[in-house]
Novice: 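What follows is a single structure, and I will ask about it in a moment.
Computed from a predicted structure; not experimentally measured.
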Amino acid sequence: MFTLRPYQQAAVDSTLRHFRRSRDPAVLVLPTGAGKSLIIAELARLARGRVLVLAHVKELVEQNYSKFKHYGLEAGIYSAGLERKDTSQKVIFGSIQSVARAKASFLNEFSLVVIDECHRVSGIGGAQYTEVIQTLLNQNPNLCILGLTATPYRLDSGWIYEAHNDGLIKSTEPKFFKRCVYEVTLKTMISEGYLTPPVQIDTPVASYDFSSLELPPGQQSYKLEAIEKLLSDQARVTPGIVGNICELAHNRKGVLIFTSTVQHAKQVLSLLPPHESALVIGETHNEERDILVERFKQQEIKYLVNVSVLTTGFDAPHVDIVAILRPTESISLYQQIVGRGLRLFEGKKDCLVLDYTGVPHDIFHPEIGERKPRADAVAVKVPCPKCKHENDFWGVEDEAGELFEHFGKKCEGAIVSPDSGEVLPCGYRYRFTVCESCNEENDFSASNCSRCGKTLLNDKEKLAHARASSDCHVMRPDSMTFERKQDKKGRERLEVRYYDADAQHLSEVYFFDTEQAHKVFHYNFCRMHTRLPGKQANVQTLEDALTKQGEFRLPLFVIARKQGKYWRIREKVFFA
């Protein structure tokens, strides 16, 4: 019999509570090495019907099955890659590719489906999961669907679930998984002694320069040609890097090296001790790969070089050095790589994480739901002025480390009803779309105004309409100035000028001599231009505006319409 750790029991309890009152697909977020097989085992033991555990690669299917059997429990395997297609056991571990091709009758009587590495459901290959799940639901509308992942976010679509049981809204867009019902952080696992502490060493001697790499629009990985070109130009750096790895590995047990391309991997292998090293790539034959991996696990070889094949479904607890020689597109991939070295092993005190890319990630910080808006953006905490929840946003800090600007749009905070489990969002908006008809602040994703129902155009649509109109002028400003001016009656006013690269300008004016004038400046300027939404700008006078000019951001585009002989600014676009 097995005994659950406290967080594993909490994960099981949270899952049961959720499915007792809802059949919405749920997620458990657990770092690599958290012992998800024990959680699966306990849920399978408690399930009234059959349990299907799905994974995307045969290595993960076999690993999960082996650990389940280790607890003295019976289960079957349904995977062509493992040459088994069991159908009668209560618990079946299957590869999604094989299960998707199975007869519909195989999917009868399942009451629980568990999806390992469930962040893949909405990505490449996700259609197979959708097809299988729909067949299962046709057989049993009360099916419980549970996902397990260490990285619940994707570069192309952000968070994979909508809300968190702790009272967080992660996505306002519909997601397949509705709720994260339990999460244990990497920091907690390490501090409580369940995982090995990582020791991150950035650019120990030298590093590659991958800073010029950019993700192609709509893609989740860098272009192979671009990586190979950079590595070819920087080939002289590799011997020094490999030499440094070998030096640091002198008293270490197992070294896992992640390289960028096959050619790069072969170069790295040629520089390692020949009798202690091996290479695994996508083209490595399955039998040969299994032999090499087993030799590495038995510590017959010390260095294992790979190209994108050992990020998931690979379990070698003795690994105490992870060397990263490849650019990582996101922190989720980085966490998967580092996670290979964090399992406990006798005599292992820590795991060295050697990053030779020059652009390391913070493995303890969660992924921000949206892509980094600019190169100098960092992850920041922004408290909500309404509910006090601390949001994780992208932001920019000044030289003193003070928050200078952030790019958050909506508070992620929420209240979870103790009775129904319903998540009630805070709803505070940092950034918003203003309705031209009634001045209502609407969510960026809204198609119609929440107050008057008028159709709302997004920024791209606004630009397209303006460019197509003969009486509109669209400017892309590169600077903004505040100037003290006087009108014909001698009244002081603020003139805000927007200059483009050709020194042409558009301008707008604001007065501060009445309470109404203060409100006009607030609603027409401060709301949209502030770098720190949620923090009151408190501009009462023209002097205040001139003094606080640095607190306001420049729009990406300014749209003006012809009014008589002059151009009048009507709209500004901050996100395109």
Novice: Quick check, are the ring centers of F93 and F68 under 6.0 angstrom apart?
Specialist: yes
Novice: So, is the end of the K409 side chain (NZ or CZ) under 6.0 Å from the ring centre of F444 and within 45° of the ring's axis?
Specialist: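 Judged by the rule (NZ or CZ under 6.0 Å from the ring centre, within 45° of its axis), K409 counts as positioned above F444.
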Novice: Could you tell me whether the side chain of T284 and the main chain of I281 form a donor-acceptor pair under 3.5 Å?
Specialist: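 Answer holds: yes.
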Novice: Which label fits Y208 and F210: parallel for a plane angle under 30°, tilted from 30 to 60°, or perpendicular past 60°?
Specialist: tilted
Novice: Restricting to non-hydrogen atoms, name the atom on L195 and the atom on P31 that form the minimum distance, rounded to 0.1 Å.
Specialist: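 Minimum heavy-atom contact is CD1-CB, 4.2 Å.
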Novice: E74 vs K69, test: salt bridge (charged side-chain N to carboxylate O under 4.0 Å, His left out). Steps then yes/no.
Specialist: CA-CA 6 Å; E74 289 300 318; K69 289 278 290 182; 3.4 Å; yes
Novice: Atom OG1 in T32, atom CZ in R343: separation rounded to 0.5 Å?
Specialist: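 Answer rounded to 0.5 Å: 6.5 Å.
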Novice: Do the ring centers of Y161 and F176 come within less than 6.0 Å of each other?
Specialist: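 No, they do not, as the ring centres are separated by 6.0 Å or more.
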Novice: Tell me the closest heavy-atom pair linking K170 and E412, and the distance in Å.
Specialist: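 Of all heavy-atom pairs spanning K170 and E412, the closest is NZ-OE1, 3.5 Å.
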Novice: Going by an N to O cut-off under 4.0 Å, is there a salt bridge joining K297 and D315?
Specialist: no
Novice: Please answer whether the main-chain N or O of G35 pairs with a side-chain N or O of Q8 as donor and acceptor at a distance below 3.5 Å.
Specialist: yes
Novice: Verify side chain to side chain contact (heavy atoms under 4.5 Å, CB included) between L352 and D320, making sure each step is shown before the conclusion.
Specialist: CA-CA 6 Å; L352 295 185; D320 51 7; over 6 Å; no
Novice: If you measure from the Lys or Arg side-chain nitrogens to the Asp or Glu carboxylate oxygens, is any gap between K178 and E162 under 4.0 Å?
Specialist: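 Yes, charged N to carboxylate O under 4.0 Å.
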Novice: H318 and F296: aromatic ring centres closer than 6.0 Å?
Specialist: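 So the answer is yes for these two rings.
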Novice: Do side-chain atoms of S14 reach the backbone of A11 as a donor and acceptor pair under 3.5 angstrom?
Specialist: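 No.
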Novice: State plainly whether the residues E83 and K58 are in salt-bridge range, i.e. N to O under 4.0 Å.
Specialist: no
Novice: Tell me if a side-chain donor or acceptor on R289 pairs with a main-chain N or O of V280 at a distance below 3.5 Å.
Specialist: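 Here the side-chain-to-backbone pair does not exist.
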Novice: Between Y78 and F106 (judged by ring centroids, cut-off 6.0 Å), do the two rings come close enough to count as a pair?
Specialist: yes
Novice: Between R45 and E42, is there a salt bridge with N-O shorter than 4.0 Å?
Specialist: yes
Novice: Testing the basics here: between P327 and S260, what is the closest heavy-atom pair and its distance to 0.1 Å?
Specialist: CD-OG, 3.3 Å
Novice: Flag the pair E276 and K302 as a salt bridge only when some basic side-chain nitrogen lies within less than 4.0 angstrom of an acidic carboxylate oxygen.
Specialist: no
Novice: Quick check for you: to the nearest 0.5 Å, what is the distance between K253 atom NZ and E346 atom CD?
Specialist: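 The CD atom of E346 is 8.5 Å from NZ of K253, to the nearest 0.5 Å.
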Novice: Check V353 against P198 and note the closest heavy-atom contact, atom names and distance.
Specialist: CG2-CB, 4.0 Å
Novice: Centre-to-centre under 6.0 Å for Y153 and W159, is that the case here?
Specialist: yes
Novice: Say whether, by atom type as modelled, one donor and one acceptor occur between the side chain of D116 and the main chain of A55 under 3.5 angstrom.
Specialist: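 Side chain of D116 to backbone of A55, a donor-acceptor pair under 3.5 Å: no, none is there.
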Novice: So, are D13 and R17 salt-bridged, with charged N and O less than 4.0 Å apart?
Specialist: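 No, D13 and R17 are not salt-bridged.
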Novice: Kindly give the heavy-atom pair with the smallest separation between Q128 and Q97, and that separation in Å.
Specialist: OE1-CG, 3.8 Å
Novice: Nearest heavy-atom pair of C351 and T196: which atoms, and what distance?
Specialist: N-CG2, 3.7 Å
